[in-house]
Amino acid sequence: MQLHSTKLSSGFTCQIHGPCKKFNTSLKFQADHFTRRRIATAIALASVFSDSKIAFSFEFSITVPDQTINEAEAGIKNHAQELLSIKSLIDSETWKAAQIALRESSSRLKQDLYTIIQAKPGNQRPELRKLYSNLFNNVTELDYAARSKDAVLVKECYSNIVSTLEEIFMKIQ
């Protein structure tokens with residue numbers, strides 16, 4: 001088996017192995033040649049020239065939830081109730097537990113609301129997005145207020161969350 005090696009100007013070495021025509025790309029580990037663009041190019045070239053069955057894919061689940069509108073509508077009330085259930089933790093001033101419960105319940109509620117808003121007609125979305133933004137800005141502010149143990153601000157943010165949720169539920173029904 002013959003080995004043909006070609007040195008590229010970008011700091012990579014391509015090796016062609018005899019009759020099977022497989023390409024191996026190997027990086028020269030020098031700091032001045034190691035850039036994101038070159039790495040991306042090497043990966044792209046390797047995927048184009050390789051005979052392997054390995055698939056290169058991207059995970060887009062952050063921007064497109066893996067949730068149907070029916071699942072979101074079924075879960076939104078429970079997740080909203082979970083968010084509102086932190087009231088007892090706020091009243092007892094157990095700040096760390098309130099923060100943990102707030103973060104867990106708000107993330108599920110956020111995904112539900114996002115899915116429902118995306119399913120609504122275009123003319124209803126701007127108002128719902130504004131309410132969505134207002135709701136989760138208050139959730140974030142409540143989280144910061146709980147961290148600093150500011151009971152007055154925590155209660156104010158909580159009441160803003162309750163009123164915003166009521167408004168959202170009136171709009172999506």
Side-chain angles (χ1 to χ4, degrees), residues 10 34-50 52-173:
S10 62
F34 201 74
T35 65
R36 284 184 283 179
R37 182 174 288 166
R38 288 186 178 154
I39 292 170
T41 303
I43 291 171
L45 285 172
S47 67
V48 168
F49 292 117
S50 74
S52 68
K53 302 294 182 212
I54 298 173
F56 291 93
S57 65
F58 295 98
E59 180 64 45
F60 290 113
S61 65
I62 292 174
T63 58
V64 181
D66 296 332
Q67 184 179 41
T68 66
I69 184 69
N70 294 334
E71 292 170 335
E73 287 173 342
I76 192 168
K77 288 187 180 179
N78 288 336
H79 296 147
Q81 285 293 58
E82 287 175 13
L83 178 63
L84 296 177
S85 71
I86 66 165
K87 176 75 170 143
S88 60
L89 298 171
I90 291 171
D91 290 340
S92 64
E93 296 187 359
T94 51
W95 303 119
K96 193 67 175 170
Q99 282 182 288
I100 292 168
L102 176 74
R103 291 173 187 162
E104 287 175 0
S105 61
S106 68
S107 67
R108 291 186 292 267
L109 180 63
K110 189 177 234 182
Q111 184 173 356
D112 290 340
L113 277 175
Y114 178 82
T115 303
I116 291 170
I117 290 170
Q118 290 304 103
K120 292 291 181 184
N123 61 348
Q124 293 178 5
R125 288 185 200 160
E127 188 175 2
L128 288 169
R129 285 183 183 138
K130 185 176 180 184
L131 290 169
Y132 174 91
S133 176
N134 185 23
L135 174 66
F136 291 105
N137 285 341
N138 276 297
V139 166
T140 301
E141 195 172 341
L142 192 150
D143 189 16
Y144 287 132
R147 184 180 352 172
S148 62
K149 299 177 179 141
D150 184 349
V152 174
L153 184 57
V154 166
K155 290 178 183 179
E156 180 184 325
C157 290
Y158 181 81
S159 67
N160 290 343
I161 289 169
V162 171
S163 64
T164 305
L165 274 172
E166 288 172 354
E167 223 176 314
I168 287 172
F169 279 114
M170 285 191 308
K171 301 280 184 204
I172 64 173
Q173 296 299 332

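On a predicted model such as this, the values are computed, not experimentally measured, just so you know.
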Mind checking the [atom1]-[atom2] spacing from [X] to [Y]? Nearest 0.5 Å is all I need.
| X | Y | atom1 | atom2 | result |
| --- | --- | --- | --- | --- |
| Leu153 | Glu141 | CG | CD | 5.0 Å |
| Ile76 | Ile116 | CD1 | CD1 | 3.5 Å |
| Leu89 | Lys96 | CG | NZ | 13.5 Å |
| Leu142 | Asn137 | CG | CG | 12.5 Å |
| Cys157 | Asp150 | SG | CG | 8.5 Å |
| Ile86 | Leu102 | CD1 | CG | 4.5 Å |

- Given the rule in the side-chain contact (heavy atoms from CB on, under 4.5 Å) test, do Glu104 and Ile100 qualify, once you have shown the distances and angles that lead to the verdict? CA-CA 6 Å; Glu104 287 175 0; Ile100 292 168; 3.7 Å; yes
- Hey, are Lys87 and Asp91 close enough for a salt bridge, meaning a charged N less than 4.0 Å from a carboxylate O?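 Looking at Lys87 and Asp91, the cut-off is met.
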Side chain of [X], backbone of [Y]: donor and acceptor closer than 3.5 Å?
| X | Y | answer |
| --- | --- | --- |
| Thr164 | Leu131 | no |
| Tyr158 | Asn138 | no |
| Ser133 | Lys130 | no |
| Lys149 | Trp95 | no |

- Measure across Gly122 and Pro126 and return the closest heavy-atom pair with its distance rounded to 0.1 Å.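 Answer, listing the atom of Gly122 first, then Pro126: O-CD, 3.3 Å.
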- Query: Can you name the nearest heavy-atom pair linking Ala146 to Gln99, along with the distance?
  - Reply: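 What the structure gives for the nearest pair is CB-CG, 3.7 Å.
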Do [X] and [Y] have side chains that approach each other closer than 4.5 Å (heavy atoms only, starting at C-beta)?
| X | Y | value |
| --- | --- | --- |
| Leu165 | Leu109 | yes |
| Arg129 | Gln118 | yes |
| Val162 | Glu166 | yes |
| Gln124 | Lys171 | no |

- Query: Got a sec, which pairs hit ring-ring contact (aromatic ring centres under 6.0 Å, His included) with one end in residues 128-151, sequence neighbours left out?
  - Reply: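 Of all non-adjacent pairs touching residues 128-151, those that pass ring-ring contact (aromatic ring centres under 6.0 Å, His included) are Tyr132-Phe136.
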